[in-house]
Peer 1: 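Sharing a structure below in C-alpha cells format, with a few things to ask.
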Amino acid sequence: MPRFLGLLLAGLFVVMSAPAARAEVRDFTVASKAFEGNKLGLSGQRRVRVYLPADYETSGRRYPVIYFLHNLFEDEKVAFDRDGFATLLDQAIAAKAIPPVVVVAADFSTPLGSSIYTSSPVTGRWDDFLAVELVGWTDKTFRTLARRDSRGLAGDRMGGYGAIAMGMRHADVFGAVYALHPVGAGPGLQPMLSRPNFARLQNAKSLDDLKGDGFSQLFTAIFQAHLPNPDKPPLYVDLPAREVGGKLEIDTRQVARLFESFPLDRQVQRHADALKTLRGLKFDWGRNDPNPDHVISDQALSRMLTEFGVPHEAEEYVGGWGDRTWGETGRVYTAMLPFFARTLVVD
C-alpha cells in the first residue's frame, strides 16, 4: 500500500473513531441578594442546573436561552433526573426541531413547596432573583445572546403559572413565554378557600405542622406570596378565612386582596400592554385533568387575553395532570420546543 494512502486511511480512522461531542448538564450555586431579610430564612445560595448543547465548547457561537420553572413540590433537578429533559433537548436539536439552546433551571422551592413565583417579604424577592440576578449570571457565565428577543421563559403547572406571571411582569427581559398546564389562571367551580384546612392553619405552631397536608401547604404558600404579613409568625400571613364553631368565616377584605393579586386572569388588565410586546405567548392544558378548575380557569384566561387584544395561542388537548408533558410524544417535545424555535431570535 503506498505510504500516502496508508496515512490517509489512518487519518480517516482517527476522525471516524473520535468521540462525538456531547451535551452537558452542569450544576451551580448562585449567590443571591434577593433573599436578604426574608422571614423564613431561605438561603441566598440558590441551586441552578444548566443544559449546554453538544457544540457549546467548540462552536464559539452565542446561544438563545430558555429558562424553565419547575412545578410545586419539585426543584430544578426533577425535569432532568425524572423526566429526561436533556435527552429530549438532544433529540430535538439533532432533528433540527430547534436550534441549539442553553436551558437554565433554578430552585424556586420553599419549605412549603413553592415560592408561587411571587416576590414577598416572607419568602424573598423572586422577581429580582429571576429577571435580574439569574439572567445576569447566565449572560456573564455563558456565551448567550444577551437580549430579550433571544430569551424564552417556560414552566410546568405551578411553573406554568410562574412563566406567565413573570412573563407579564418582565416582558422587557423575556421575549417569548410557554406555559405547560398552568394553574392559578382564574376562578374555577369549587371555591378556592374550601381547599385548605383552616383549623390546622389557625392552630399551627410552625410550618412543620402543615406537612403532610398538601392543600394546606400549597394554600399557605399562596397566602405567603399574596397575603404576606411579616409580623404574624409562624405562617406570616393574613388568613382570608377562619374556622369558627365548625363554620368558615370569610374575611372579605383579605379575599378581595387575594383575588386582586393571585389569579392570572386578574393580572391581564394590568399587564396587557406588556404582553402585547412578546414575540410569542402560548399555554396548554389537559382536558381530562381530574381537577376541572384548572381546565375552566385556563379557558377563562384565554378569553380574558382575547378581550384585551393580547395575541396568544391556547390549546386544550386530550390528557390529564401532567401525563402528556414529557417523552417523545409529550408537549415539551412536540409543542414547547418548536414554539421557541419559531419565536426566539437565534443569531
Side-chain angles (χ1 to χ4, degrees), residues 34-35 37-43 46 69-75 78 107-127 129-130 155-162 164-166 182-188 190-244 246-264 266-267 291 293-294 297 321:
F35 300 94
N38 77 85
K39 300 303 291 188
L40 299 189
L42 270 66
S43 172
R46 307 306 299 179
L69 308 181
H70 59 79
N71 190 22
L72 58 94
F73 305 126
E74 296 181 359
D75 61 21
V78 171
D107 178 21
F108 282 82
S109 64
T110 69
L112 293 180
S114 179
S115 63
I116 317 299
Y117 297 97
T118 303
S119 295
S120 164
V122 177
T123 61
R125 301 191 311 277
W126 297 98
D127 288 73
F129 171 61
L130 173 61
D156 175 25
R157 289 169 285 184
M158 183 55 76
Y161 171 94
I164 295 176
M166 288 286 194
V183 300
Q190 184 170 347
M192 184 167 64
L193 299 185
S194 67
R195 300 286 190 178
N197 182 338
F198 278 97
R200 190 166 186 169
L201 270 58
Q202 291 163 215
N203 296 321
K205 300 294 188 272
S206 72
L207 296 181
D208 288 340
D209 290 343
L210 306 183
K211 296 296 177 66
D213 182 345
F215 276 131
S216 292
Q217 285 185 235
L218 168 59
F219 280 89
T220 301
I222 291 172
F223 302 154
Q224 287 177 342
H226 294 279
L227 297 176
N229 189 332
D231 298 321
K232 282 190 176 180
L235 303 185
Y236 298 104
V237 302
D238 288 321
L239 291 175
R242 296 184 65 85
E243 187 172 304
V244 179
K247 295 183 179 180
L248 199 62
E249 291 189 356
I250 304 294
D251 185 325
T252 303
R253 177 175 172 272
Q254 297 304 334
V255 171
R257 181 182 164 202
L258 177 64
F259 271 86
E260 181 65 21
S261 177
F262 172 57
L264 292 173
R266 295 293 185 94
Q267 299 179 47
N291 183 350
D293 290 352
H294 298 154
S297 62
W321 174 246

Peer 1: Rounded at 0.5 Å granularity, tell me how far CZ in Arg200 sits from CD in Glu243.
Peer 2: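 Answer rounded to 0.5 Å: 13.0 Å.
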Peer 1: For a 4.5 angstrom cut-off between non-hydrogen side-chain atoms, does His70 reach Val78?
Peer 2: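 No. Closest side-chain heavy atoms not under 4.5 Å.
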Peer 1: Going through the checks in order, is the side chain to side chain contact (heavy atoms under 4.5 Å, CB included) test met by Met166 and Asp127?
Peer 2: CA-CA 7 Å; Met166 288 286 194; Asp127 288 73; 3.5 Å; yes
Peer 1: Do the non-hydrogen side-chain atoms of Met192 and Phe259 ever get within less than 4.5 Å of each other?
Peer 2: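 SC-SC contact between Met192 and Phe259 confirmed.
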Peer 1: Does the salt bridge (Lys or Arg N to Asp or Glu O under 4.0 Å) test come out yes or no for Arg253 and Asp238, once each step is laid out?
Peer 2: CA-CA 10 Å; Arg253 177 175 172 272; Asp238 288 321; 5.6 Å; no
Peer 1: Kindly indicate whether the side chain of Leu72, heavy atoms from C-beta on, has any atom under 4.5 Å from the side chain of Arg157.
Peer 2: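 A side-chain contact under 4.5 Å is absent here.
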Peer 1: Does any part of the side chain of Leu112, heavy atoms only, come nearer than 4.5 Å to the side chain of Leu40, both counted from C-beta?
Peer 2: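 Result no, sub-4.5 Å side-chain heavy-atom pair not found.
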Peer 1: Under a 3.5 Å distance rule, please check whether Ser115 uses its side chain to pair with a backbone N or O of Phe108 as donor and acceptor.
Peer 2: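 Between the backbone of Phe108 and the side chain of Ser115 there is a qualifying donor-acceptor contact (under 3.5 Å).
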Peer 1: I need the minimum non-hydrogen distance between Leu258 and Pro263, along with the two atoms involved.
Peer 2: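 Where Leu258 meets Pro263 most closely, the heavy atoms are O-CD, 3.7 Å.
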Peer 1: Can you see which heavy atom on Leu42 is nearest to which on Thr123, and at what distance?
Peer 2: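 Looking at all heavy atoms of both residues, the shortest contact is CD2-O, 3.7 Å.
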Peer 1: Taking the side chain as every heavy atom from C-beta outward, state whether Ile116 and Phe262 have any atom pair closer than 4.5 Å.
Peer 2: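 Counting from C-beta outward, Ile116 and Phe262 do come under 4.5 Å.
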Peer 1: Tell me, with the steps shown, if His226 and Arg257 meet side chain to side chain contact (heavy atoms under 4.5 Å, CB included).
Peer 2: CA-CA 8 Å; His226 294 279; Arg257 181 182 164 202; over 6 Å; no
Peer 1: Can you tell me how far apart CZ (Arg195) and CG (Asp293) are? Round to the nearest 0.5 Å.
Peer 2: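 Answer rounded to 0.5 Å: 5.5 Å.
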Peer 1: Give the ring-plane orientation class for Phe215 versus Phe219, where under 30° counts as parallel, over 60° as perpendicular and anything between as tilted.
Peer 2: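 Plane angle between 30° and 60°, so tilted.
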Peer 1: Of all the heavy-atom pairs spanning Trp126 and Thr118, show the shortest one and how long it is.
Peer 2: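 Here Trp126 and Thr118 meet closest at CD1-O, 3.1 Å.
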Peer 1: Would you check, one step at a time, whether the test side chain to side chain contact (heavy atoms under 4.5 Å, CB included) holds for Thr220 with Leu201?
Peer 2: CA-CA 8 Å; Thr220 301; Leu201 270 58; 3.6 Å; yes
Peer 1: Strictly under 6.0 Å, is that where the ring centroids of Tyr117 and Tyr161 end up?
Peer 2: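 Ring centroids of Tyr117 and Tyr161 are no less than 6.0 Å from each other.
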Peer 1: Could you check whether any side-chain heavy atom of Trp321 comes within less than 4.5 Å of a side-chain heavy atom of Val183, counting everything from C-beta outward?
Peer 2: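 Counting from C-beta outward, Trp321 and Val183 do come under 4.5 Å.
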Peer 1: Hey, could you give me the CE/CG distance between Met158 and Leu69, rounded to the nearest 0.5 Å?
Peer 2: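 Between atom CE of Met158 and atom CG of Leu69 there are 11.5 Å.
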Peer 1: Side chains of Gln224 and Leu207, heavy atoms from C-beta outward: is any pair under 4.5 Å?
Peer 2: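 Of all side-chain heavy-atom pairs linking Leu207 with Gln224, at least one is under 4.5 Å.
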Peer 1: Could you tell me whether a side-chain N or O of Ser297 sits under 3.5 Å from a main-chain N or O of His294, the two making a donor and an acceptor?
Peer 2: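 At least one qualifying donor-acceptor pair exists.
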Peer 1: Using the rule given for side chain to side chain contact (heavy atoms under 4.5 Å, CB included), can you reason through Gln254 versus Asn229, listing the C-alpha separation, both sets of side-chain angles and the distance that settles it, and then say yes or no?
Peer 2: CA-CA 12 Å; Gln254 297 304 334; Asn229 189 332; over 6 Å; no
Peer 1: Provide the closest heavy-atom pair for Ala225 versus Pro228 in the form atom of the first, atom of the second, distance.
Peer 2: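 So the minimum-distance heavy-atom pair works out to O-CD, 3.9 Å.
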Peer 1: Counting N and O atoms only, with roles assigned by atom type, does the side chain of Arg46 sit under 3.5 Å from a partner on the main chain of Asp107, one being a donor and the other an acceptor?
Peer 2: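 Yes; judged by distance alone, with no hydrogens or angles, the pair exists.
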Peer 1: Do side-chain atoms of Gln267 reach the backbone of Ser261 as a donor and acceptor pair under 3.5 angstrom?
Peer 2: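 Yes, the answer is positive, given that a donor and an acceptor are paired below the 3.5 Å cut-off.
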Peer 1: Under a 3.5 Å distance rule, please check whether Ser216 uses its side chain to pair with a backbone N or O of Asn197 as donor and acceptor.
Peer 2: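 Checked: pair present.
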Peer 1: Heavy-atom distance under 4.5 Å between the side chains of Ser120 and Phe223, does that happen here?
Peer 2: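 Answer no - side chains too far apart.
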